[in-house]
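Scroll down for the structure; my scribbles are underneath it.
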Amino acid sequence: MSAEPQPVPAAPDPERKTLDDRARMTELERIRHSAAHVMATAILRLWPEAQFAAGPPVENGFYYDVDLPHRISPEDFEKIEAEMKKEIKANNPFEKIIVTREQAIADAQSGRLGGLAGRPGNVSKLKIGNLEAIPEGEPISYYKNGDFLDLCAGPHVMRTGNIGAFKLTSVAAAYYKGDEKGPQLQRIYGTAFKNKTSLDEFLKMQEEAKKRDHRKIGAEMGLFAIDTEFVGPGMPLWLPKGTVLVEELEKLAKETEFAAGYVRVRTPHLAREKMYKTSGHLPYYADSMFPPINLLEEKDREVRDQLVEFRSYLRRGTEPGYVEHFLEQFKKSSSYSVGAMSQLETIAAAYAADKSNKEGFEQLDAQIDGLGERYYLKAMNCPHHHRIFAAEPHSYRDLPLRLAEYGTCYRYEQSGELFGLMRVRSLNMNDAHIYCTEEQFADEFRAVNDMYLKYFKIFGLEKYQMRFSTHAAEGLGKKYVNEPELWKKTEDMVRKVLIESGINFVEVANEAAFYGPKIDVQVWSAIGREFTIATNQVDFAVPAKFGLTYRDKDNSNKTPLCVHRAPLGTHERFIGFLIEHYAGNFPLWLAPDQVRVITIGAEGDPASAPLIQYAKDIVNGLRAQGVRVAGDYGSDPMKAKIAEAEKLRVHTMLVIGGRDLEAGAVSVRLHGKGNVGSKPKAEAVADILAAIRERRA
RNA sequence: GCCAGCUUAGCUCAGUGGUAGAGCAGCAGUUUUGUAAACUGCGGGUCGUCGGUUCAAUCCCGACAGCUGGCUCCA
């Protein structure tokens, strides 16, 4: 991929790290940043023509983007790592050199920058682009280790030998400066640590994450299936055992929301185009909605087919007289209205006058589109909920009104984005919209945050963070609704509540929703991986577009604020997260298979008949209490039955044999924990029921 | 959508230019048990789809689809 030297926009990049930000790099980040330079050094020794772009430390390691005709594959890693080891062993110092912009441009022109030596005819074009992004007045510096000279603001470790342990991990494609239109580079990922022990720990965590992969465990446990052939990619089917998880989560949410004063509603999965034109979603998000369903009556269908044909003739260029002929035929055969027909004649006339007439085509397209009704699959529930608000008149006495629904939404995510349950095209949201006055906002918002914290506790999530996304003034009218004052006012309100309630949050600019500020909730799983599971937004714009009002005390009509919140996010992503978090070993209240009664003795064997009856009584008793329980009365050896139940991750196994029957006891075995001993039957049953009721961890 | 890799039985994976194998699972028997696997037998595959090269393609080539890892995106 040999890219032309790229023109780079000189506009200041809001994402760009300042020199102060960089100076705060942790020791580990310095090690990784330095490892990126060492990797570049190694790659240049193997392929001297390589061109480098950027090589920063990232969350789990580092990468360097390289432009190189040779396609680097994991087979090359060993070779690169061997060269890296040499450079580390040489223990070269990282030398900082301050230069002028002119000097830097000259070194890039000669190919010296980002190389081991001058490379005549091989301009360091990506580095020139990087140079242009450095604001005037900011010092320009190089770092040099051995022969490798790189444009770099640092900081680094003192010497290459300070990189204790490293490993190259993967190679992927990346755009230069993240610009889809820019050249595509090879991004080589690696990780580095201060010593081998830490590296091994990290690799072990990666292994553990692999074992906990929700796609793998989901298949093993029979939770969900993705039938790409008949249903479609990104549209999971919930199997019976996965449905248990879905419904337990719904039950939890319904109880919690009922207690918090929510009311439930239900809405269809489709709506007319007008809905999303009004909400503003269509102009902003048309690309990620499924294309519309066009409802055409028979006569409209005919007209449409004729118009489409007419259009394609016009586009192709027609024989003289065709247009007139077509219109003649059209008048005779169709039920098209006189007004529309005369418009069509106008288009044809305009076309005759100017064959490149773009406007005419647009009018024709609009006519074709205007036929029939278009329905869209909903990509979010809010517009439907707004119409529920609009369905009845409201007074300030009705507020806050909290409408909750497990709404199914459909989003046409790009094919490359789909990922197991984590990124899907059909999703079930734990959705609710709170309509309230400005005065009520703080209390409502605080209550929503409390609900999050309550859930975190139930699922044993110790680490969380809220990402508070605000707008950027440049995006007003494009990415964001053009209401600068409302933006400021709402963001201030949100920030105030976050600070007052001591919530752990960070603020990020320019990532808000188009209608208001957004909060993404990040949590960390049991093995320390981050997931964004929920989102929470304030909407000051769309209720007004739908003309939603309530009658206030002073007898005037006012527009309510709307808080969008989904603490459990979508079932799909949340369950995906829970699978990793619990490694499939769900607590009793969630476990698809809660209890299995295993008999030492088989059904059909007369000697075991009393034992089997005892077992069945236990099973029936638990089932009557709503416990998901099964009995294994087969002739397999007990060890085999246990192995089977363990493999299925049955939470509690009640093993019973002659001894238990005599004592009126059961012997309790917990998944993953082994035999915990014998207990009176009634006690064991009471324990199980209590653990489920309390949603014990 | 873009780049790269991958696609053989329900699952995990062997294998070959001459139309395929193992283990587990499944099914049928036998066995009758104290905390992770008792024995025997049987069935199961258009080797992702479509096209090309070849006397012959699961294998070589191409297109498409899907998956995986990234990039971009995420109301």
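In the text below, chain A, chain B and the rest are named by the order of the sequence lines, each starting its count at 1. Worth knowing before you read on, the calculation uses all heavy atoms, side chains too, and leaves out hydrogens, waters and symmetry mates. As the structure is a computational prediction, the values presented were derived from the model and not from experiment.
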Taking only side-chain N and O atoms of [X], does any of them lie within less than 4.0 angstrom of OP1 or OP2 on [N]?
X	N	value
R187(A)	C3(B)	no
R423(A)	G70(B)	no
Y410(A)	A75(B)	no
S415(A)	G1(B)	yes
K518(A)	A75(B)	yes

Looking only at side-chain atoms of [X], point me to the closest of [options].
X	options	value
D605(A)	A25(B), G69(B), U32(B)	U32(B)
A602(A)	G70(B), U33(B), C73(B)	U33(B)
P637(A)	C74(B), G66(B), U33(B)	U33(B)
R215(A)	U68(B), A36(B), A75(B)	U68(B)
R411(A)	A75(B), A38(B), U32(B)	A75(B)
E417(A)	U72(B), A37(B), A75(B)	U72(B)
Q414(A)	A75(B), C73(B), U33(B)	C73(B)

Checklist entry - Cation-pi between R425(A) and Y412(A): NZ/CZ under 6.0 Å from ring centre and within 45° of the ring axis? => result yes

Checklist entry - Are R187(A) and Y63(A) in a cation-pi contact, defined as NZ or CZ under 6.0 Å from the six-membered ring centre and within 45° of the axis? => result yes

Checklist entry - Hey, which of V655(A), D617(A), L654(A), V666(A) is the one that makes side chain to side chain contact (heavy atoms under 4.5 Å, CB included) with V597(A)? => result L654(A)

Next on the checklist: Tell me the interatomic distance from M289(A), atom CE, to C73(B), atom P, rounded to whole angstroms.
Outcome noted: 21 Å

Checklist entry - Contact class for L418(A) (heavy atom, under 4.0 Å): base, sugar-phosphate, or nothing? => result sugar-phosphate

Checklist entry - So what does E220(A) hit on the nucleic acid, given a heavy-atom distance under 4.0 Å: a base, only sugar-phosphate, or nothing? => result nothing

Checklist entry - Does C27(B) have a Watson-Crick or wobble mate here (both distances under 3.5 Å), and if so which one? => result G41(B)

Item to check | Assigned partner base of G62(B), Watson-Crick or wobble definition, under 3.5 Å | outcome: C50(B)

Checklist entry - Is it true that K679(A) and D687(A) make a salt bridge, defined as a side-chain N closer than 4.0 Å to a carboxylate O? => result yes

Checklist entry - Do other residues, nucleotides or ligands put more than 12 heavy atoms under 6.0 Å from E683(A) CD? => result yes

